[in-house]
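Just below is one structure, and these are the notes that go with it.
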Amino acid sequence: MSYLKTRILIVEDNLQDFIIFKEVLSQIRDFFIHIEHAEDLQSAIEKATEFEFDIVFLDLFLPDSFGQESFIALRQVVKAPIVILSGLSDESIALDIVKQGAQDYIVKGEFDANLLEKTVVYSIERKKYQEILEESEHRYRTIIESVSIAIAEYDYSELHDYLESLRSDGVIDILDYLKLDMAKVKALRKKIRITNINPVGLQLHACASMSEFEKYSTTFYLPEIVRYYEGFVSAIWNRQETFSFELPFLNRANGLIYTLKRWKFLGNQAGFYRMLISTEDVTALKNKEAELAHNGEVMQAVAGAASILLNEGVLEEKIDLAIEKVGLATLADKMAVFLLHPQEDGSIKYTRSGYWDVDSREYQGAMDANINDLDVSETLSTLLEGKIFVLEQKMTSKSVSGLLAKHGLQKAVLSPMTITGNVSGLLIYGLDRSRTIPNYILNALLTLSGNLGSAIANALAKEQLKDINEDLEKHVLDRTTKLRQAISELESFSYSVSHDLRAPLRAVSGFTEVLYEEYSENLDEMAQHYLTRIRAGAHEMSELIDDLLDFSRMGRKQLVATEVTMAQLTNEVVNELKNQVPSREIKFTIDVSHNCQGDASMIRQVLVNLIWNAIKFTGKTTEAQISIQSTDQGDFIAYSIEDNGVGFDMAYADKLFGVFQRLHPHEDFEGTGVGLAIVQRIVSRHGGKVTPHGEEGKGARFEFTLPKHISSVPVISDLAAYSA
């Protein structure tokens with residue numbers, strides 16, 4: 001069996017009482033007790049200084065001390081629980097001394113082993129938990145001292161009790177009742193007592209001690225403290241566990257500090273209402289946020305200036321508006337734009353092109369001067385390299401310093417302007433006080449000077465283009481007139497040729513027909529063969545002339561736009577063409593649910609040509625299939641005609657729409673090679689386009705687009721349609 005080792009100090013001047021007490025203690029089980037005896041207070045203090053005890057039994061009436069003074073004196077040197085021994089059974093005395101920290105109060109003659117055992121056990125447990133508490137408190141203090149953020153501990157008991165009294169008086173809305181202002185906030189602050197603050201907290205507030213911090217705490221306040229206390233009081237009133245707030249303040253060194261404060265309400269601990277406040281210095285973060293916000297404002301101003309320069313208007317007025325916008329955003333005092341003009345003698349003249357003053361003062365400098373009159377050779381060489389140059393009165397030549405002083409400037413930034421490939425201008429950013437200019441402002445000035453250079457170059461180019469365009473417009477008008485005349489003559493010629501060819505062709509056709517009907521029996525086999533070929537050639541020539549006439553008419557025919565019901569039109573064309581090949585079995589799949597706008601007769605011609613091609617080129621297919629569908633593509637409807645015929649090689653797709661262009665031999669598939677050219681011309685005149693898809697032996701698909709509303713799309717002109 002293991003025993004708990006316990007060291008006990010008995011302070012008793014009566015030897016008989018000591019022996020009795022020691023005897024009773026020896027009867028306690030489970031403890032190995034070591035007892036020290038002191039007959040007076042001085043001896044007790046010496047032993048307590050030499051040894052560490054688990055429990056002390058103290059007689060209040062000693063030779064060198066009397067009553068509660070004995071307890072108070074011994075309490076200062078002993079950490080162990082103290083149990084009072086007294087010959088008096090007075091409950092008021094016992095209660096009073098226990099309130100002062102005594103573990104228990106035992107009356108001599110009224111105790112036994114059981115009572116002492118309980119007292120010893122309770123005392124040992126108290127000592128153990130007291131040591132744990134002290135260790136925890138030590139760790140807590142160590143942590144507070146070592147953390148890198150400010151931490152302070154407060155006793156807010158008086159404020160808590162004050163608020164609870166208001167609650168008891170029937171107050172519902174505490175903030176409405178208090179109506180806090182700066183004076184009331186300072187009054188509430190007096191109801192809070194600081195109990196500890198770590199070194200970081202003192203450093204943050206520029207204080208040397210906790211007493212100095214407490215003395216000057218209300219001098220740190222800025223107007224934001226009122227909203228801060230409103231939140232703080234509300235948190236206590238609503239019994240929240242935490243509270244946080246961003247609060248700026250002025251420390252003892254008059255420095256503006258931005259902080260993030262977090263409150264932790266610990267409730268009633270250690271006999272008072274306790275709270276911890278951590279204060280994190282976010283000044284650098286706030287400054288960075290402010291810098292980023294200003295950077296955004298500056299970039300927005302530069303973008304706005306660029307928009308101004310891109311707008312129509314007088315160049316000088318646009319320059320003034322652009323530099324004013326950027327000047328206000330970058331906190332400039334003056335902004336100016338100068339153009340540089342190299343002279344034949346090597347000197348450079350400069351002229352003012354734009355000016356802005358934050359106070360709306362007039363420009364006081366020269367409008368036209370020579371830069372060589374100033375000592376700026378180093379400055380000029382830097383600018384000609386496309387780099388920014390910063391001038392300050394204390395760091396520049398007398399001539400430049402005098403020029404800055406004349407304009408009331410302490411500092412100026414010169415940013416080069418590149419116009420037509422050369423540095424031919426300057427953007428000047430002036431300050432009437434010397435301060436650090438962030439890099440983002442310097443970059444903004446470079447961007448603005450680049451935009452200004454582009455705007456000036458564009459203005460110069462427009463002036464040069466104006467004369468060129470006038471001449472060009474005249475040339476284009478002349479060329480267009482001649483081209484229209486040529487096209488008209490070509491169409492007339494084409495029509496005339498096609499028309500005039502009909503007379504001799506009719507004669508040839510007529511005579512061969514007579515020859516065949518009246519003399520074929522007298523002709524031998526070879527002569528009949530030649531006659532048959534002549535008749536076929538005449539028929540083919542007639543078809544070519546008809547197609548050529550149709551193609552010619554498409555360039556001159558007036559386009560009459562109406563709503564076209566494509567489903568109805570498609571079915572009509574399909575039925576008409578099927579009747580021309582009654583012996584063939586062709587499976588048609590028609591899903592045309594979208595209508596369009598255009599010239600119905602022309603669109604009918606498109607359908608006839610494309611569907612007939614599908615019928616023709618599936619002629620050698622066992623099971624011919626033709627699919628006709630439509631899809632919505634926004635402003636246009638796409639129509640497709642797909643077959644499973646012979647197809648074609650996409651490498652030659654560009655030849656499909658040429659007049660008389662064929663991808664298959666005439667003896668395999670009849671046709672003149674004009675049909676697809678007519679299709680493309682009609683679709684182009686409607687503002688659409690034709691797209692072929694095919695693969696040899698796997699069929700072909702032709703897709704063409706027509707507008708939903710022909711007035712909302714650019715209809716191809718006759719001239720463009722002709723070239724198409």
Side-chain angles (χ1 to χ4, degrees), residues 75 79 81 98-103 125-168 171 174-175 178 180 184-205 207 209-218 220-221 225-247 249 259-281:
R75 175 76 279 177
K79 293 183 179 180
V98 169
K99 283 184 177 180
Q100 294 187 49
Q103 169 70 22
E125 288 298 314
R126 178 179 177 180
K127 182 173 184 295
K128 181 174 68 174
Y129 285 111
Q130 184 176 350
E131 289 174 349
I132 293 174
L133 181 61
E134 289 177 353
E135 177 63 26
S136 176
E137 186 73 12
H138 175 70
R139 288 199 303 269
Y140 161 72
R141 297 293 176 189
T142 302
I143 291 172
I144 286 181
E145 294 292 322
S146 61
V147 294
S148 59
I149 63 173
I151 296 181
E153 180 186 66
Y154 289 85
D155 176 356
Y156 70 102
S157 301
E158 185 179 350
L159 177 59
H160 173 271
D161 294 343
Y162 168 67
L163 295 177
E164 287 302 311
S165 68
L166 294 177
R167 193 192 302 272
S168 300
V171 173
I174 188 63
L175 295 182
L178 292 176
L180 292 177
K184 291 178 181 178
V185 165
K186 291 181 178 181
L188 288 181
R189 175 62 178 83
K190 293 179 180 179
K191 298 182 184 296
I192 304 171
R193 182 177 62 87
I194 190 168
T195 58
N196 191 26
I197 185 170
N198 68 351
V200 178
L202 293 174
Q203 182 181 3
L204 184 64
H205 292 82
C207 293
S209 64
M210 188 170 74
S211 59
E212 183 182 0
F213 171 82
E214 184 72 356
K215 179 180 179 181
Y216 293 102
S217 60
T218 56
F220 304 147
Y221 293 168
I225 195 69
V226 175
R227 284 197 306 110
Y228 173 61
Y229 259 77
E230 287 176 347
F232 168 48
V233 169
S234 293
I236 298 176
W237 183 264
N238 295 318
R239 298 187 175 96
Q240 296 174 206
E241 293 185 359
T242 59
F243 167 64
S244 61
F245 196 89
E246 287 191 8
L247 181 69
F249 69 89
T259 62
L260 174 61
K261 286 183 171 288
R262 295 185 177 92
W263 296 62
K264 177 69 175 177
F265 299 100
L266 302 176
N268 194 349
Q269 290 188 358
F272 62 90
Y273 279 89
R274 182 183 183 200
M275 64 183 175
L276 290 177
I277 304 177
S278 67
T279 305
E280 186 177 355
D281 186 356

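Note that the structure is predicted; figures quoted are calculated from it, not measured.
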How close do [X] and [Y] get, heavy atom to heavy atom, and via which atoms?
| X | Y | answer |
| --- | --- | --- |
| Glu214 | Ile194 | OE1-CG2, 3.0 Å |
| Phe245 | Phe243 | CB-CZ, 4.0 Å |
| Asn198 | Ala150 | OD1-CA, 3.6 Å |
| Lys184 | Leu178 | NZ-O, 2.9 Å |
| Val185 | Tyr221 | CG1-CE1, 3.9 Å |
| Ser234 | Gln240 | O-OE1, 4.2 Å |

Checking [X] side chain against [Y] main chain: does a donor-acceptor pair fall under 3.5 Å?
| X | Y | result |
| --- | --- | --- |
| Arg167 | Ile174 | no |
| Ser157 | Tyr273 | yes |
| Lys191 | Tyr162 | no |
| Thr259 | Leu247 | yes |

How many angstroms lie between [atom1] in [X] and [atom2] in [Y], if you round to the nearest 0.5 Å?
| X | Y | atom1 | atom2 | result |
| --- | --- | --- | --- | --- |
| Ile277 | Glu153 | CD1 | CD | 10.5 Å |
| Leu188 | Thr218 | CG | OG1 | 12.5 Å |
| Ile192 | Ile236 | CD1 | CD1 | 6.5 Å |
| Ser165 | His160 | OG | NE2 | 10.5 Å |
| Tyr228 | Trp263 | OH | CH2 | 3.5 Å |
| Leu166 | Ser168 | CG | OG | 8.5 Å |

Practice task
State plainly whether the residues Glu158 and Arg193 are in salt-bridge range, i.e. N to O under 4.0 Å.
Solution key: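 Arg193 and Glu158: not salt-bridged.
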Practice task
Output yes when Arg227 and Glu246 qualify as a salt bridge under the 4.0 Å nitrogen-oxygen rule, no when they do not.
Solution key: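 A salt bridge is absent here (no side-chain N lies under 4.0 Å from a carboxylate O).
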Exercise for the section: Measure up the Tyr229 and Phe232 rings against each other and bin them: parallel (under 30°), tilted (30 to 60°), perpendicular (over 60°). Expected result: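 Rings of Tyr229 and Phe232: perpendicular, as their planes differ by over 60°.
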Practice task
Measure centre to centre between the rings of His205 and Phe249, then say whether the value is under 6.0 Å.
Solution key: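 Yes - the distance between ring centres of His205 and Phe249 falls below the 6.0 Å cut-off.
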Practice task
Establish, yes or no, whether a centroid distance under 6.0 Å links the rings of Tyr156 and Phe265.
Solution key: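 Tyr156 vs Phe265: aromatic centres under 6.0 Å.
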Is atom [atom1] of [X] surrounded by more than 12 heavy atoms (other residues, nucleotides or ligands) closer than 6.0 Å?
| X | atom1 | value |
| --- | --- | --- |
| Arg189 | CZ | yes |
| Lys215 | NZ | no |
| Gln203 | CD | no |

